[in-house]
Amino acid sequence: MAKSKCSNNRKVSYISVPSQIINSLSATSLQSLLLSPKKSSKQHLRFFSYKSPRLWFFLLFLFGFIGMLKLGYNLDPVIPFHPYPCATNEAKDLNSNGYSKPELAVASGGNFEKVEILNSISESQPLISNGSAKSEVGIRPDSESEFWKQPDGLGYKPCLVFSRDYRRASEGLVKDRSKYLMVVVSGGMNQQRNQIVDAVVIARILGAALVVPILQVNIIWGDESEFSDIFDLEHFKRVLADDVRIVSALPSTHLMTKPVESSPLPHATPQWIRGHYLRRFNREGVLLLRSLDSRLTKDLPSDLQKLKCKVAFHALRFAPPILELGNKLAERMRSKGPYLALHLRMEKDVWVRTGCLPGLSHEYDEIVNNERKQRPELLTAKSKMTYHERKLAGLCPLNALEVTRLLKALGAPKNARIYWAGGQPLGGKEALLPLTQEFPYFYNKEDLALPGELEPFANRASLMAAIDYIVSENSDVFMPSHGGNMGHAIQGHRAFAGHKKHITPNKRQMPPYFLNSSLPEAEFNSIIKELHNESLGQPELRTNKAGRDVTKYPVPECMCNDSHTHTN
């Protein structure tokens, strides 16, 4: 064998190969194993050797360069690992009815992907837009858009100064220990809230202490929440200490008393309430009232109107756990700029009760019609009207397509961040498609909450509704798709907070334009915008129209400006 030039300095190595492999190799293959390959350039081998200082210098430079990019630009969307490992475990999604919630999604070619935002440190994860991953990084709602402009509040500010007569009477009322008013409130959270406000006013009218209201179990959602589960009881007592004495239970002196039970007539005045109840109340000491919804007149003396505002906007604060989570979700929405809150009334029971149709398909319309035929008592009013008559009269909720067209006409930017409150819509994801396709940054509480945050509120519709209320009230713009207790309460709350923008859809005048398919989009948008010029949350005097509730229109009794200062 010919010697290599370097054979004297090189150690010889041998490879042991089993005979079976040797036999299976061809002569050519065997020769290629035995013969050494031609040497590569020594310089290249040295550069890629792990002992080469050049390789280490190159790697340090590379990692340093990537680090600088990471600081300068957010590269999270292109990194295949979640930056918060714990957040990758999906929590069970629950809607306000307590049922398992389908993943909020938008469709593309039949594929649905979950829209998530886990924003505990003000950073959003990639979102889904029309089926493809889309990051919010670097995309902020156009805060300069006309859409976010707030209405002129005309200088109105909260103004709850009670008269001298009211304050003088309070001293004796809060010390009285002879009369106790008990009330049972029913309905959903916002309906119960309205009845609690009226209960405080009735207690004041009768000069009685108010026992903490009893919340009737809701027959639709089966929610057994008590007052202290939803509201901050100690705060409620403290704020109203100078107006009405609030007690947690009847005292021992009245436990064996059989209460006088009754339900006030609709729109009862203070005079009617005193004349109807006071004599028996003074004799028995305990009065139990049920069915308080819309029983108290909306036209009360000024001091009682102020008391209603004090209860609604100050005393009825949500319980600390609800308030904490609601504020967290609102902060996550606001982390990227202004946001819009929608209260969508698209649940099955809403379509049944209003006598309207969702307009998704013939199958869904049949579901609603059949339910209405089986349970005619659910239809709330005007049962003789057809669906089309109701629609043209403005009595139907807006569906997702109508909400989308309205928002576009009013100038909502495509990258607007939207929080939607409400229960699961009839039709699920399909019902929301017009909205999610036009406005991809579209969330509800299940999308915003971190794993486990909603678990304490599971199967508690009232608590879920309270969370929706907080996030909606804190939004830059709020719009309900239909009237109702929550929409009215938030309208009043936002007015009392400085007349924050609140869009009231003109459902009576919009339908003909929605139905006119030949109308050019620019002309449609111009007409719709004109219809809503005076429906954006500007101050409205309650006294301009009979029957308005002061908790929806707090001007002039509960708010005043320099030119309308109330003196007592």
Please enumerate all residues that pass side-chain hydrogen bond (donor to acceptor under 3.5 Å, both in side chains) together with Y166, with sequence neighbours excluded. D243
Does a donor on one side chain sit under 3.5 Å from an acceptor on the other, for N485 and N194? yes
Those residues that, when tested against K408, pass salt bridge (Lys or Arg N to Asp or Glu O under 4.0 Å) (two or more places apart): E438, E521
Using the test side-chain hydrogen bond (donor to acceptor under 3.5 Å, both in side chains), find all partners of R317 that sit at least two apart in sequence or belong to another chain. D232, H235
So, for F227 and F236, is the gap between ring centers shorter than 6.0 Å? yes
Considering only residues two or more places apart or on different chains, which pairs with a residue in residues 471-492 satisfy salt bridge (Lys or Arg N to Asp or Glu O under 4.0 Å)? R334-D476, E473-K500
Using 30° and 60° as the class boundaries, would you call the ring planes of F231 and F318 parallel, tilted or perpendicular? parallel
Kindly state whether the ring of F496 and the ring of H314 have centres lying under 6.0 angstrom apart. yes
If you apply the rule side-chain contact (heavy atoms from CB on, under 4.5 Å), what do you find for I418 with L342, and how did you get there? CA-CA 7 Å; I418 298 178; L342 293 177; 3.8 Å; yes
N327: what forms a side-chain hydrogen bond (donor to acceptor under 3.5 Å, both in side chains) with it, not counting sequence neighbours? none
Could I get the full list of side-chain hydrogen bond (donor to acceptor under 3.5 Å, both in side chains) partners for D549, not counting sequence neighbours? K308, T551
When you measure from the centre of the six-membered ring of Y553, is the NZ or CZ of R548 under 6.0 Å away and within 45° of the axis? yes
Q538 and D152: side chain donor to acceptor below 3.5 Å: no
